Protein chains: 2
Amino acid sequence: MAFAEPSDRKGPSILGVDPWVSDTRKTGKKRELLSEAERSRLAVIASIVRFKKGEDIYRAGDRADAIFNIISGVAKSYSGKGGDRIVAFLFPNDLFGLSEEGRYTNAARALTPVTAYRLPVSVLRSRLSRDALLEYHVICKLCEELRQSQRHAFLLGERRADVRLATFLQMLEQLQVAKGDTAGEIYVPMDRSDIGEYVGLSLAAVSRTFGSLVRHNVIKFRDRRWLKITDRAAFDRILADGAGRRTVRRGRNP
Amino acid sequence: MAFAEPSDRKGPSILGVDPWVSDTRKTGKKRELLSEAERSRLAVIASIVRFKKGEDIYRAGDRADAIFNIISGVAKSYSGKGGDRIVAFLFPNDLFGLSEEGRYTNAARALTPVTAYRLPVSVLRSRLSRDALLEYHVICKLCEELRQSQRHAFLLGERRADVRLATFLQMLEQLQVAKGDTAGEIYVPMDRSDIGEYVGLSLAAVSRTFGSLVRHNVIKFRDRRWLKITDRAAFDRILADGAGRRTVRRGRNP
DNA sequence: CGGCCGGTTGAGTACAATCAATTCTGGTGG
DNA sequence: CCACCAGAATTGATTGTACTCAACCGGCCG
């Protein structure tokens with residue numbers, strides 16, 4: 001099984017990098033932030049929960065009494081009165097249910113079968129207040145999520161559909177590289193409409209744009225969920241293109 | 001001077017809410033997260049820095065050796081190879097320069113004259129590792145920034161220009177309410193092109209859309225930077241409208 | 001006074017949304 | 001193993017909306 005099914009069950013796990021230490025030498029890989037001791041200490045207060053594909057993990061407005069740490073599977077955090085608009089995709093080792101204020105502000109739903117640790121907020125808080133190192137690691141993870149969200153916003157700021165999709169694919173790829181997954185092929189666990197809700201395009205536009213990328217031999221699908229970038233140069237050109245012509249530049253180079 | 005010039009100089013300040021305690025009774029107001037003691041302890045390691053309007057605070061790729069806490073003024077955090085695309089506006093009490101990895105991933109520039117505390121990362125880290133409460137408050141602030149960034153992404157996911165601008169104005173308004181500023185009028189410290197770079201519209205579109213809102217008596221400008229919402233119902237209707245017609249809804253209510 | 005900066009406005013165009021078939025796929029039961 | 005179904009995905013035709021290019025305005029500064 002190629003896509004990150006962590007085999008260990010030592011306890012909650014957070015993957016990330018220390019925002020202030022440049023110990024990762026540009027490999028793009030993340031490391032486990034929690035020590036074995038921390039993980040097993042958290043394991044004590046955590047319970048393991050499972051969700052079927054399509055099942056709600058929590059709803060917006062629910063009392064936020066737990067945070068989750070995905071062990072396997074993929075989920076989405078979404079909002080918008082219509083329930084469309086995906087805020088983030090949640091992958092193994094991600095922490096979520098966080099970033100609310102007494103109540104969840106987004107909803108979360110499993111896109112594939114999901115197994116996760118459930119950490120009650122009450123217990124977690126008291127643990128946090130006594131464990132400075134753990135808090136520090138949470139801070140690292142939050143910085144990471146913040147960056148991710150900013151990249152998402154960046155993506156959405158782009159007008160052209162091909163740039164948006166290429167950026168999205170790049171995010172997926174980097175994520176999988178960071179996990180140490182075999183690069184070469186990109187796994188797309190979510191369906192086209194989820195992608196549309198994330199990148200801000202209609203389902204039709206996603207499909208059309210993928211089609212166009214395939215026709216131009218930039219990417220190639222093995223099946224609905226696995227694809228390969230067949231022309232990296234062209235791919236990068238699309239990404240760079242977004243940075244190129246932007247409006248607003250009132251008086252730049254003639 | 002109406003716009004939040006904090007008169008005290010007791011030390012760095014973080015405004016926010018505890019994400020897990022619903023002590024704010026829906027007032028939308030935020031409170032100081034740091035105690036006097038914490039603030040003065042931070043003040044010891046902080047220096048006060050000033051930036052002229054338009055001046056760079058840091059550039060993307062610079063060694064990230066300090067984080068900042070704005071005392072007065074407004075700045076922007078921006079990126080994009082062209083330097084367009086604003087990631088966030090930074091207001092008094094905000095914490096930034098954070099969320100990077102050894103180096104700043106965005107650049108920051110003062111939009112108005114800015115006064116800020118500068119906290120060297122090295123000192124801050126050791127302080128953090130010993131002060132669990134401070135760490136906790138940083139976590140609270142990060143959650144807040146994360147939510148803010150998600151709202152930004154949400155805004156950018158909207159297609160129509162009027163909805164985007166209305167959402168933006170609502171964010172500004174809530175921010176000012178949270179600070180306890182006189183509501184009624186909204187202060188817009190940034191110029192039209194900055195707004196465009198934030199909401200993902202061309203300068204022309206921003207101007208046009210403002211014009212249209214004014215013509216429809218939804219808002220009214222006192223001058224370039226001060227406006228009032230003259231028809232709250234219409235305004236809310238625009239906001240709600242975004243949630244209404246969305247694509248992708250494949251099989252919802254008949 | 002002239003230039004520049006921030007902003008407004010107009011005409012034409014490009015791009016994605018929409019509506020609406022149609023095809024493909026994977027799963028189910030005969 | 002195949003026929004069938006429902007949901008996912010593709011594709012086509014048309015329309016809406018914001019971008020682009022470009023002219024133009026008004027204030028401010030030297």
Side-chain angles (χ1 to χ4, degrees), chain A residues 52-54 82 84-85 111-113 155-166 168 188-215 219 221-227 238 241-242 244-254, chain B residues 53-54 82 84-85 111-112 155-166 168 188-215 221-227 238 241-242 244-252 254:
Chain A
K52 289 192 282 290
K53 172 176 172 158
D84 31 32
R85 308 286 263 286
L111 294 181
T112 67
L155 181 165
L156 290 167
E158 182 54 47
R159 209 170 66 84
R160 293 182 50 192
D162 53 352
V163 184
R164 268 146 109 140
L165 270 188
F168 172 68
V188 185
M190 60 294 285
D191 62 27
R192 300 292 187 261
S193 56
D194 286 324
I195 296 175
E197 286 171 13
Y198 185 76
V199 302
L201 293 174
S202 69
L203 167 58
V206 171
S207 181
R208 251 188 265 279
T209 309
F210 269 147
S212 148
L213 288 176
V214 169
R215 265 191 307 287
I219 61 175
F221 279 94
R222 175 150 67 80
D223 64 29
R224 291 263 116 33
R225 328 213 91 118
W226 289 92
L227 66 86
I238 294 172
D241 214 28
R245 61 172 132 306
R246 278 295 285 170
T247 169
V248 176
R249 70 194 150 179
R250 225 185 325 276
R252 205 108 60 209
N253 39 4
Chain B
K53 172 175 172 159
D84 31 32
R85 309 286 262 287
L111 294 181
T112 67
L155 181 165
L156 290 167
E158 184 52 48
R159 210 169 64 84
R160 296 184 49 188
D162 53 353
V163 184
R164 267 148 109 141
L165 269 188
F168 172 68
V188 186
M190 61 294 286
D191 62 27
R192 300 293 187 259
S193 55
D194 286 325
I195 296 175
E197 287 171 12
Y198 185 77
V199 302
L201 294 175
S202 69
L203 167 58
V206 172
S207 180
R208 252 188 267 277
T209 309
F210 269 147
S212 149
L213 288 175
V214 169
R215 264 192 307 286
F221 279 94
R222 175 150 67 78
D223 65 28
R224 289 271 105 47
R225 326 212 91 119
W226 289 92
L227 66 87
I238 294 172
D241 214 28
R245 60 173 136 307
R246 278 294 284 169
T247 169
V248 176
R249 69 197 148 177
R250 224 187 326 277
R252 206 105 63 209

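Order of the sequence lines sets the chain letters (A, B, ...), proteins ahead of strands, with each chain counted from 1. Treat the numbers as computed from the prediction; the structure is a model and nothing was measured. Values reported hereafter were calculated over all heavy atoms of this structure, with side chains retained and with hydrogens, waters and symmetry mates removed.
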- Message: Nearest 0.5 Å, please: how far is CZ in A/Arg224 from CG in A/Asp191?
- Response: 11.0 Å
- Query: Under 4.0 Å between a side-chain N/O of B/Arg159 and OP1 or OP2 of C/dA16, yes or no?
  - Reply: no
- Message: Tell me the closest heavy-atom pair linking B/Ile195 and B/Met190, and the distance in Å.
- Response: CG1-CG, 3.6 Å
- Message: Here's a test of your reading of the structure: between A/Met190 and B/Asp162, which maps to the more 5' nucleotide of DNA chain D?
- Response: A/Met190
- Message: Under 4.0 Å, counting only non-hydrogen atoms across every strand here, what does A/Arg224 touch: a base, just sugar-phosphate, or nothing?
- Response: sugar-phosphate
- In whole angstroms, the gap separating P of D/dA22 from CG of B/Leu203 amounts to 16 Å
- Query: What is the distance from CZ of B/Phe221 to P of D/dG26, rounded to the nearest Å?
  - Reply: 18 Å
- For atom CG of B/Leu213 and atom P of D/dA18, their distance in whole Å: 11 Å
- Between D/dT11, C/dG6, C/dA16, which nucleotide has the shortest distance from any of its atoms to the side chain of B/Asp191? C/dG6
- Query: To the nearest Å, how far apart are B/Glu158 CD and D/dT17 C1'?
  - Reply: 12 Å
- Please determine, for the side chain of A/Ser207, which listed nucleotide (C/dA16, C/dT18, D/dT10) has the closest atom? D/dT10
- Task: Check whether any side-chain N or O of A/Arg192 sits under 3.5 Å from a backbone N or O of A/Ser207 as a donor-acceptor pair, and report yes or no.
- Result: no
- Is the side chain of B/Arg222 donor-acceptor paired with the backbone N or O of B/Leu227 at a distance under 3.5 Å, no angle test? no
- Message: Rounded to whole Å, please give me the gap between NZ in B/Lys53 and P in C/dC5.
- Response: 13 Å
- Between CZ of B/Phe210 and P of C/dG7 the distance, given in whole Å, is 10 Å
- If you check the B/Ala204 side chain, which of D/dA13, C/dT9, D/dT10 turns out closest? C/dT9
- Query: Should the pair B/Phe210 and B/Phe221 be assigned to parallel (<30°), tilted (30 to 60°) or perpendicular (>60°) ring geometry?
  - Reply: perpendicular
- Which of the following nucleotides, C/dA17, D/dA9, D/dT20, is nearest to the side chain of A/Leu201? C/dA17
- Note on the structure: Looking only at C/dG10, D/dT10, D/dA18, the nucleotide nearest the B/Ala205 side chain is D/dA18
- Task: Take atom CZ of A/Arg208 and atom C1' of C/dC19, then tell me their distance rounded to the nearest Å.
- Result: 11 Å
- Note on the structure: With the side chain defined as heavy atoms from C-beta on, A/Arg160 is closest, among C/dA16, D/dC19, C/dG7, to C/dA16
- Whole angstrom is fine here: how far is it from CZ in B/Arg192 over to C1' in D/dG27? 15 Å
